[in-house]
Asker: 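Can you keep this structure in mind? I'll have questions shortly.
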Amino acid sequence: EIHIKEPIEKEVNPHLLPGELLLCEASTVYKYIQEDGSNRGTYGKLVCTNFKIAFLDDDSASDDNEPQFKNKIVGENDITLQCVDQIYGVYDEKKKLLTGQLRKYPEKLIIYCKDLRVFHFCLRYTKEEEVKRIVSGIVHHSQTPKLLKRLFLFSYASAAPNNTDGRNQTVMFDTLEDWRDELERTKGNVKYKAVTTNEGYRVSEKLPLYFVVPICVSEESILKYEGRGIPIWCWSCHNGAALLKMSAFPKEQDDSTSQMQKAFLDGIYKTISKPPYELLKTDDLSSSLPSLQDIQTAYTRFKQLFLIDNSTDFWVTDVKWFSLLESTNWLEIIRRVLKKAIEVAEYLERQHTNVLLIEETATDLCCVISSLVQVMMDSYSRTKSGFQSLIQKEWAPVFLLLLNCVWQLVQQYPPAFEFTETYLTVLSDSLYVPIFSTFFFNSQHQKDTNTSGESLKTQSGPFRFLTVWDWSVQFDPKAQAFLNNPLYAEKPKPDKSQRKTARFKHQRQLSLPLTQTKPSMKRGFFREETDHLIKNILGKRIGKFINSSDEPPNSFREFYDSWHSKPVDYHGLLLPRIDGPEIKVWAQRYLRWIPEAQLHGGGTIATAAKILDLMEEVQSLQVKMDEEHSQAVSGGVHSVPLLRNSARLSSLFPFALLQRQSIKPALPTSTWKDLEDEDDLVKRDDEFVDLSGDMS
Amino acid sequence: MASSSTPKYNSNSLESSSSKRTLKDGTNWEQNEEIPRLPGETRVTDKDVIYMCPFNGPVKGRLYITNYRLYLRSVENDPVVVLNVPLGVISRIEKMGGASSRGENSYGLDITCKDMRNLRFALKQEGHSRRDIFEVLTKYAFPQSHNLLFFAFANEEKFSENGWMVYNPMSEYRRQGLPNERWRVTFINEHYGLCDTYPSLLVVPYNATDDDIKKVAAFRSRNRIPVLSWIHPETQAVIMRCSQPLVGMSGKRNKDDERYLDIIREANGQISKLTIYDARPNVNAVANKATGGGYEGEDAYPNAELFFLDIHNIHVMRESLKKLKDIVYPNVEESHWLSSLESTHWLEHIKLVLTGAIQVADKVSSGRTSVLVHCSDGWDRTAQLTSLAMLMLDSYYRTIEGFEVLVQKEWISFGHKFASRIGHGDKNHADADRSPIFLQFIDCVWQMSKQFPTAFEFNEQFLITVLDHLYSCRFGTFLYNSESVREKEKVTEKTLSLWSLINSDKPKYTNPFYTKELNRALYPVASMRHLELWVNYYIRWNPRIRQQQPNPVEQRYMELLALRDDYMRRLEELQITNNSKISNSSASSASPSQMMSQVQTHF
């Protein structure tokens, strides 16, 4: 439980978390309500702490209608410093990006958030001194020192009383045991072993403390190149085929070095291509997928489309919406990543080969693909604890990309997931809440060294950080209900016991029996192919895999079509549909704060609410029946609670809380553009009848 | 009707599976017959062909032709590939290749359909084998061009419900609270003497005499005078529909028309101006003056305000759909999907139509102002706008029967030219009169139902079925251009109504999530962020794109509903037992918790 300090004065004060310090504040700040074009808003105090920027409504009487879905850490008008994306100042109606030192102070402040909220603060009525302090404070604390933002994690961890352990059933993969259990769960333990070689980060600071390699790989080889060139196990498929990843050698200028590396890789490939190991396919992701830079650029453009200042903005961009979307390339990246994951699944599932993903560091796209493949192939990863464990296991910094891809699967196959899209949305928001260590460090090493307290020269000893998986930190049980999918087609579970056994309940299910595995390929193919895989990548789809010449050209398509022609088994293999119309914008995450996009009484929440209501009704009937059974005589003492009033929710539910009273329809304001190319048609009339004759 | 090969794909109303004896479309299939047949359907010919399936490649099969359908069954494939296509959907039949054509499967027939697909059959070149099949197909697909009757006149199906009884104009106006002291019913058009494209029964202002109306008719294109479509139960503001005024180049005026519009305005007791929505783009309205049409000028109508809604004409819509077909059939654009979709402008047109209807509805509802809607003739864009606005304002039209009434009233009775727009049984596939106006309307309805999944009693299947029979010619519902022609052809006596089929099997077309809400205006968001391509209709022939059927969310809900009903029944039983137990205690039945766990595993 989070302890919240008592307000010092009676007047509005920010709710401060343990370790949170008020840095600066300004009063009579006017916050615009985004709902319409008008200048409506409320006055209040704008504060900046070492954790967040917060707007405190002077008229806080509105507390009586407590929202159903409330975040306990980050309020409606709170912006964590990490969540700030861009800050603009408005000077004489002109927007200017604010960075660093300011000479002039703006009359309006616009804060764009990473969770897509947009705040407009008017400072015209605020004392000049306070304007200076708050603006420079906000700009400074949110932009300049990364360190400060990080520090809050520590100040919180040391100040917060007794954190709950909060691990639930999430496997953290920070012990040898966890990896061994995972090997056992996936029956990978015959050919793969968990190693302790990296204890004390002897091998590399980039690798986790414990990881899994093929049994035949020696400790010596792991140490030789700091873990580079070593296939690291991610997951084993039911047929024994495994998904592996490997950190590639950097391009060497020196010939002899590269010769040595080549020989080393040769040796490795030789060992793991021999029985009992399956045939090996390698895929160099740095050339078969867009670069991290491309992904970053695409996302930056994409996100910008949803940071909307006002209604005019919304409708102007609406005219060319599809081409705008396409020009960001973000959906195309999602499509390519999903396609890659299907390709990998096909190799594992149908061709029965091991797949080795290669990337410079093996920590970015490798993790995205590997996670997706596991979500698609291992139904345990589609449960909440399984998904959380997966994230702990793969530790992918390109996390938003992964979540966007998983969302595509969630919306295509709702019954296959234990969690909802709301879960994914709040998970993405949690990236910017620096009280959780989950997404805070770049590697386990970084986390470990920081946690030990050494870097901070404090005496307080090891910190105990919160994990985001303890959802009770952010949400009440009532709000947490929104994270659970009522449509989830749960597998029958004989008994629910403690964590460990529960994990083993999730034995893999066989995926669909597909067509027979292909005749085996020749082994030891890699003799000639070594460290310069990057250059050898062929252009075509299947060609991205080495060995492509052996492949029937339509093997991917065949696999995809054959799977899609059968009924879906929600506990088996799950392949996303990736044709153009199937890849969609994650509307909940990206449109949730935009009033123009609100459907009053509509959206998917409308059906979801009906399902929840009905489930409640069924449950209450069940209670009633139990009562009838037990107390056969008393007869209707106790009436079942009536249905929750789910009257008319907005499609933005449970996120934006708009108080739009009138339900005026949103009308496009921007006009139709010309259809130049069809001009003659446009000018024609529906009928070619001259009406003038009728007139006489 | 499907080109697909597995039962999973059988998600469309006209499809059938080879294994079932009673087909989805209600056809009975006698054990001893090779193909399904409707009562009244007769076999004409059959032939061995190769069906050039764009998804699965060439399929050897036997092609059967009846007076209603084209039916193909594969002979070698497993599972069997079946095509079941009503001849009514065919818009064009072409011969491909000649007797001397080289190359495999290059000789045969190419069939263009109205429902977003093409069919290609290869035939043997020997002995002009395709000549008779071409002739038979042409004859039965285009009966109008061969002096033959539509299949609807031969159809002998029996249904438990009579769809012709669904719409009775008098009772529909009564439902709206009409006539009242301000609006009256007139029979001036009883024998279509005033306007041959309007229904016989019309609602006009109480204060306008039949003589006034006759004078107004002279000033409205094709005599389509302003008449009432809908009245708001609270504000008493009305939606009127008509055609353009015959203003012409010289800017003619007509006192009677001007006065009539003022009477309409006053009927609502409103002081503010009457709002006129001209569905056309401004320039087109101006251009219409050259042919004698035009719009209500400010000078002549000082008590009215006029807005143009910028909806394009039937030709633009036709081209747009053509472009859409290009990007979805047979293959879907993969990587530039969004910009390809945008370049068809299809969704932009949808957006404009919806935007226009929202404006109309909002003006009547929150603006408390009567509106007059017209385009050029008032049977295409006008029908779209009035019917969509009515759908937004009146929840009755969101029920299955209410929607049937809406279509029957605003489209069929008010003379949307179905025959010309669809080209039923007409071989002139390139006729400039063809346009997917009604399809566009159904698409708008689908967009609304997608945005408000609990607001409509009918489901997607209902809309698809309506569209399928828009073309099939199995029912008389959409045949001919106007009530006057339909009366002459005795459509209600000699044919069946589509609503008979639907109303006899309502559960199939019912949305389980439907929540009845009275008097709630329903405004869709006409933004590209929410509009999407209706994949389950436009891309339904592509086996790769199909959505899961049945919809898992819907399925789960149905299971819960069944569970609830079961519990309620059991609970009632328990209570009865327990009540009797008070007098004589006895043993109890199965534990409910046990039942619940069983059910859970089921999900």
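Numbers restart at 1 for each chain; the letters A, B, ... are given by sequence-line order, proteins then strands.
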Asker: Answer yes or no: does atom NZ of B:Lys450 have more than 12 heavy-atom neighbours from other residues, nucleotides or ligands under 6.0 Å?
Answerer: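 Not more than 12 within 6.0 Å, no.
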Asker: Check ring-ring contact (aromatic ring centres under 6.0 Å, His included) between B:Phe308 and all other residues, then give those that pass, not counting sequence neighbours.
Answerer: B:Tyr295
Asker: Name the region of B:Tyr514, side chain, backbone, both or neither, that has any atom closer than 4.5 Å to a heavy atom of chain A.
Answerer: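 Interface part for B:Tyr514: backbone (N, CA, C, O).
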Asker: Would you mind checking which part of B:Leu347 comes under 4.5 Å of any heavy atom in chain A, side chain (CB onward), backbone (N, CA, C, O), both or neither?
Answerer: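 Only the side chain of B:Leu347 comes within 4.5 Å of chain A.
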Asker: Can you tell which part of B:Met392 gets under 4.5 Å to a heavy atom of chain A, answering side chain, backbone, both or neither?
Answerer: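 Neither part.
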Asker: Would you mind checking which part of A:Leu305 comes under 4.5 Å of any heavy atom in chain B, side chain (CB onward), backbone (N, CA, C, O), both or neither?
Answerer: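 Looking at A:Leu305, just its backbone touches chain B.
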Asker: Under 4.5 Å heavy-atom distance to chain A, tell me which part of B:Gln555 shows up: side chain, backbone, both or neither.
Answerer: neither
Asker: Name the residue from B:His349, B:Glu348, B:Glu342 that meets the side-chain hydrogen bond (donor to acceptor under 3.5 Å, both in side chains) definition with B:His345.
Answerer: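 Exactly one option meets the side-chain hydrogen bond (donor to acceptor under 3.5 Å, both in side chains) with B:His345, and it is B:Glu348.
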Asker: Quick check against the 3.5 Å criterion: does A:Tyr488 have a side-chain atom that pairs as donor or acceptor with the backbone of A:Thr420?
Answerer: no
Asker: Would you mind checking which part of B:Val283 comes under 4.5 Å of any heavy atom in chain A, side chain (CB onward), backbone (N, CA, C, O), both or neither?
Answerer: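 The answer is neither part of B:Val283.
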Asker: Answer yes if the side chains of A:Glu596 and A:Ser311 hold a donor-acceptor pair under 3.5 Å, and no otherwise.
Answerer: yes
Asker: Give, as side chain, backbone, both or neither, the part of B:Ser527 having an atom under 4.5 angstrom from any heavy atom of chain A.
Answerer: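 For B:Ser527, the contact with chain A is made by backbone and side chain together.
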Asker: Given heavy-atom pairs under 4.5 angstrom as the criterion, report whether the side chain, backbone, both or neither of B:Leu309 touches chain A.
Answerer: neither
Asker: Can you say whether B:Leu533 sits under 4.5 Å from chain A via the side chain, the backbone, both, or neither, judging by heavy atoms?
Answerer: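 For B:Leu533, there is no contact with chain A at all, as no heavy atom is under 4.5 Å.
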Asker: Closer than 3.5 angstrom, by distance alone: can the side chain of B:Thr515 be matched with the main-chain N or O of B:Phe513 as a donor-acceptor pair?
Answerer: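 Indeed, once roles are kept as given, a pair shorter than 3.5 Å links the two residues.
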Asker: Do you know which of A:Gly580, A:Pro581, A:Gly602 has the most heavy-atom pairs with chain B at a distance under 4.5 angstrom?
Answerer: A:Pro581
Asker: Based on non-hydrogen pairs under 4.5 Å, which of B:Ser435, B:Ser340, B:Pro524, B:Ala526 is most in contact with chain A?
Answerer: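 It is B:Ala526.
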Asker: Residues in ring-ring contact (aromatic ring centres under 6.0 Å, His included) with B:Phe452, at least two apart?
Answerer: none
Asker: Under a 4.5 Å heavy-atom cut-off, does chain B meet the side chain of A:Glu326, its backbone, both or neither?
Answerer: both
Asker: Is chain B contacted by the side chain of A:Ile611, its backbone, both, or neither, given a heavy-atom distance below 4.5 Å?
Answerer: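 It is both, since atoms from each part get that close.
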Asker: Check whether any side-chain N or O of B:Asp377 sits under 3.5 Å from a backbone N or O of B:Trp379 as a donor-acceptor pair, and report yes or no.
Answerer: no
Asker: Report yes if the distance between the aromatic ring centroids of A:Tyr570 and A:Phe417 is under 6.0 Å, otherwise no.
Answerer: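 Ring-ring flag for A:Tyr570/A:Phe417: false, centres at least 6.0 Å apart.
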Asker: Would you please indicate if the ring centroids of A:Phe556 and A:Trp563 are separated by under 6.0 Å?
Answerer: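 Between A:Phe556 and A:Trp563, the centre distance exceeds or equals 6.0 Å.
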Asker: Does any backbone or side-chain atom of A:Phe314 lie under 4.5 Å from a heavy atom of chain B? Answer side chain, backbone, both or neither.
Answerer: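 Both the backbone and the side chain of A:Phe314 come within 4.5 Å of chain B.
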Asker: Non-hydrogen atoms of chain B under 4.5 Å away: do they reach the side chain of A:Ile578, the backbone, both or neither?
Answerer: neither
